[in-house]
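Lettering follows sequence order; numbering is per chain, from 1. Heavy atoms only: backbone and side chains are in, while hydrogens, waters and symmetry mates are out.
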2 protein chains.
Amino acid sequence: MTVKTAKEIPYKIYLSENELPKYYYNVRADMKVKPAPLLNPATHEPLTKEQMEPIFCSELIDQELDNDTQYIEIPEEVRDFYKMYRPSPLVRAYCLEKKLDTPAKIYYKFEGNNTSGSHKLNSAIAQAYYAKKQGLKGVTTETGAGQWGTALSMACAYLGLDCKVYMVKVSYEQKPFRREVMRTYGASVTPSPSDTTAVGRRILEAHPGTTGSLGCAISEAVEVATSNDGYRYVLGSVLNQVLLHQSIIGEETMTAMDKYGIKPDLIIGCAGGGSNLGGLIAPFMGKKLRGEEDYRFIAVEPASCPSFTRGKYMYDFCDTGMVCPLAKMYTLGHDFIPSPNHAGGLRFHGMSPILSELYHQGLMEARSYEQTSVFEAAEYFARCEGILPAPESSHAIRAAIDEALKCKETGEEKTILFGLTGTGYFDLTAYRQYNDHTMTDYIPTDEDLAKGFESIPKFPGNEL
Amino acid sequence: MTVKTAKEIPYKIYLSENELPKYYYNVRADMKVKPAPLLNPATHEPLTKEQMEPIFCSELIDQELDNDTQYIEIPEEVRDFYKMYRPSPLVRAYCLEKKLDTPAKIYYKFEGNNTSGSHKLNSAIAQAYYAKKQGLKGVTTETGAGQWGTALSMACAYLGLDCKVYMVKVSYEQKPFRREVMRTYGASVTPSPSDTTAVGRRILEAHPGTTGSLGCAISEAVEVATSNDGYRYVLGSVLNQVLLHQSIIGEETMTAMDKYGIKPDLIIGCAGGGSNLGGLIAPFMGKKLRGEEDYRFIAVEPASCPSFTRGKYMYDFCDTGMVCPLAKMYTLGHDFIPSPNHAGGLRFHGMSPILSELYHQGLMEARSYEQTSVFEAAEYFARCEGILPAPESSHAIRAAIDEALKCKETGEEKTILFGLTGTGYFDLTAYRQYNDHTMTDYIPTDEDLAKGFESIPKFPGNEL
């Protein structure tokens, strides 16, 4: 290992393809207290593999349940796909540092360097691969903002799998370009609720003219997967398996930093369902859990949907429609509806069970920001670093800038690492609001939150 | 130099930042017959530096007129900016080769890896730099599809220069997202024709309700530059200086190929004004001109706007509004209006004087494709290579695929290199037409062309 001096650190550290990780890192193996298992909502007993088989791909269930294996091999076919856009660059934000006039050293791992525009592709190709290997015809999923649906469409096109995406109707209409990207990759995209499923028809009858919700789209996607031979349902966040696949982000980051002798003091990521943050911090958290090194981790969420900062650590449904299993997580209640917020990927009422347990143990911090302040950071970043960031990612930028400004006050030369999960090409309606000064902020009142908490199921052992 | 065997060639060859070119390569220095000079339309005499001073930045005029200096240093500040997104990757299209089942080896230089979404940024930062160095307050320009305007906005934001973009009104309305990107980078974007200029007001009076044209937007941008202290006008294609800046594409490509002992047989690029193709082929053409090596070069243009394949090599105005100098180039006549074609960047009636002269000397080939066939190639490429290409770039993809299929027939193991100039995130209206099977093709008739040729100015020495 050649340790270079700070002066020699390039703008972008690209690993070679030989340095692409060969294994996913499973942080659960190093956790003393494991994340709580998913429960069957009917019995409140842990879900068995058999119960999951009709919904999920077999090998992915194994990964979901595996709390012990530290390293899980990345199949060669998946690694070949990764080579099309990975290793992704680790960027030294020299221009941002200069503009902030801070002694802090800022790095970001950029995951927007692929057509899906985000880190979602890392898990999409893994999930599609296991579906293909199992001999399935296709997969179904839901999508809101559209990043996950796009990533899955790309992975399925590559492997020759059918891909059925249920897209929340309001997004289907408001984001026609996202829909076209998925269609270009051969996916069928259905606005949800639709008349293609029993649950969709029921919802349409009960709520004519509804513009849909993620919960409803999940219900339709699950119905199509379970009622069609050769199909399974796949999900882009929250689940343990997804965080496992996303660990490639953190592994590459650590390899690149090790090469140059860099040690981050602070690791920052935006948190919706937790897939990006969980992936970025995984190997660093592993070192912390094993007592080898210490880091501060900060999860950043929107003030309008504050699962970590104002939620309850309880079992709750992952979806509004209550068709999914119960997960123990920081939740605002599955009936909690965040106000319209453009960071679509962060509008989830719950949070990854792994991250929830780590946060509960005090191994991680969390904070929230209002939208306008997030877009202010996004614009500042875009103008000096040249990348138009996604609103989701901009939450991490906001926190990184604030930490760098603190260093300016104190004179501390901290090393800050944050995850830049994606680009904002499909979020320009939100940028327009910011440019026009018509963007508004919204923080739920305690009464709003109390209403959401009422929807959390009550059963023995699941008390506040 | 380590020459590697084909087996070891990675998916993406990234040069290190130390390998970023330090000089632009000026192909004119190696041309025996130089491109014809720009003429003053009033006198039909070559334009002097003095005549250009009120419009263009001083150092850029020197570059425009310099037919002799082979290498021109890239300023350090410009190289620093380049480091944010360069060196750009040279990709071995392993997946495309496999899907085509061709013995050909296909490479593409990907220039869409930055927020402007295209190679335009390479010249934008250079032009903005020289404007800043001259102590100017800002620059003005026009934009149609919006790639150039976006690139210039980014460069100006970085350097703290004011940027006034005149955007063709129909694009301003149809591409609101492009407009928002420019605004996010702090540019002022005015739909053209506008009432902010005398020429705009004249046009609005004569043609109420007009949706504008590039020619009109150029006229407005030039007026604003010449009538405001501390402003100059900048252009994103056609000019010699622009091809000079874009030579960095070809230089990086050659360095990467040399490292792995690769020699392209065929070099392919789309051609609108010629900036991308001219930049990609520059150092290769240099070797050919100096008799050191031989390559085939292919310019690909839309059948709806066939400057090379059906145009005349004559002096003509660069703009419809006849405010620009006369350039000797392959032209369809400045009054030629191509049918609506989504490859906005290729809808120019003329062509770079440098490329025109090279084509005229038989050093380069040209061919044209219809739009539907181009989008077919774009979809095919996206599904296996994972990148959503811009419609402009997809013309080169079409030609590369056709050449690879020829190799499949003949068994020849040719090495094909093409330029992937940009991404298609802002072209999804066109993709939607393709997906919906509502895309149409249009080839101008000989009568259509004859009408355009009539607008070419006639004067002694400028005969067919």
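- For Tyr434(A), no part lies near chain B; criterion is any non-hydrogen pair under 4.5 Å.
- Within the 4.5 angstrom heavy-atom criterion, atoms from both the backbone and the side chain of Asp80(B) approach chain A.
- Considering all non-hydrogen atoms of both residues, Ile387(A) and Tyr185(B) come closest at C-OH, 3.6 Å.
- How far CG of Asn113(B) is from CG of Asn113(A): 4.5 Å, rounded to the nearest 0.5 Å.
- In terms of heavy atoms, Arg183(B) sits closest to Asn435(A) at NH2-O, 3.4 Å.
- Proximity to chain A (any heavy atom under 4.5 Å) is shown, for Pro89(B), by neither the backbone nor the side chain.
- When side chains are defined from C-beta on, Phe177(A) counts as touching Thr429(B), because their heavy atoms get closer than 4.5 Å.
- Annotation: side chain of Arg383(B) is not in contact with side chain of Met154(A) (no heavy-atom distance under 4.5 Å).
- Contact annotation: the side chain of Thr115(B) never approaches that of Thr423(A) to less than 4.5 Å [non-hydrogen atoms, C-beta and beyond].
- Between atom CD of residue Glu17(B) and atom OH of residue Tyr14(A) there is a gap of 9.0 Å, rounded to the nearest 0.5 Å.
- Proximity to chain A is absent for every atom of Phe81(B), based on heavy atoms less than 4.5 angstrom apart.
- Heavy-atom pairs under 4.5 Å with chain A were tallied for Arg178(B), Glu379(B), Glu180(B); the largest tally goes to Glu180(B).
- Evaluation of the side-chain hydrogen bond (donor to acceptor under 3.5 Å, both in side chains) rule for Thr253(A) yields no partner, not counting sequence neighbours.
- For Lys83(B) (side chain) and Pro10(A) (main-chain N/O), no donor-acceptor pair under 3.5 Å exists by modelled atom type.
- Of the residues considered (Ala157(A), Gly424(A), Gly386(A)), Gly386(A) shows the highest number of contacts with chain B, using heavy-atom pairs under 4.5 Å.
- One finds the OH atom of Tyr11(B) at 15.0 Å from the CZ atom of Arg86(A) (value rounded to the nearest 0.5 Å).
- Proximity to chain A (any heavy atom under 4.5 Å) is shown, for Val181(B), by both the backbone and the side chain.
- Nearest heavy-atom pair across Arg432(B) and Pro176(A) is NH1-CB, 4.1 Å.
- There is no contact between Cys156(B) and chain A, counting heavy-atom distances below 4.5 Å.
- Here the shortest heavy-atom pairing between Tyr425(B) and Asn114(A) reads OH-O, 3.5 Å.
- Tyr158(B) approaches Cys95(A) most closely through the heavy-atom pair CE1-SG, 3.8 Å.
- Annotation: the span from Glu8(A) atom CD to Asn18(B) atom CG amounts to 9.0 Å, rounded to 0.5 Å.
- Among all heavy-atom pairs drawn from Met84(A) and Glu385(B), the shortest one is SD-O, 3.6 Å.
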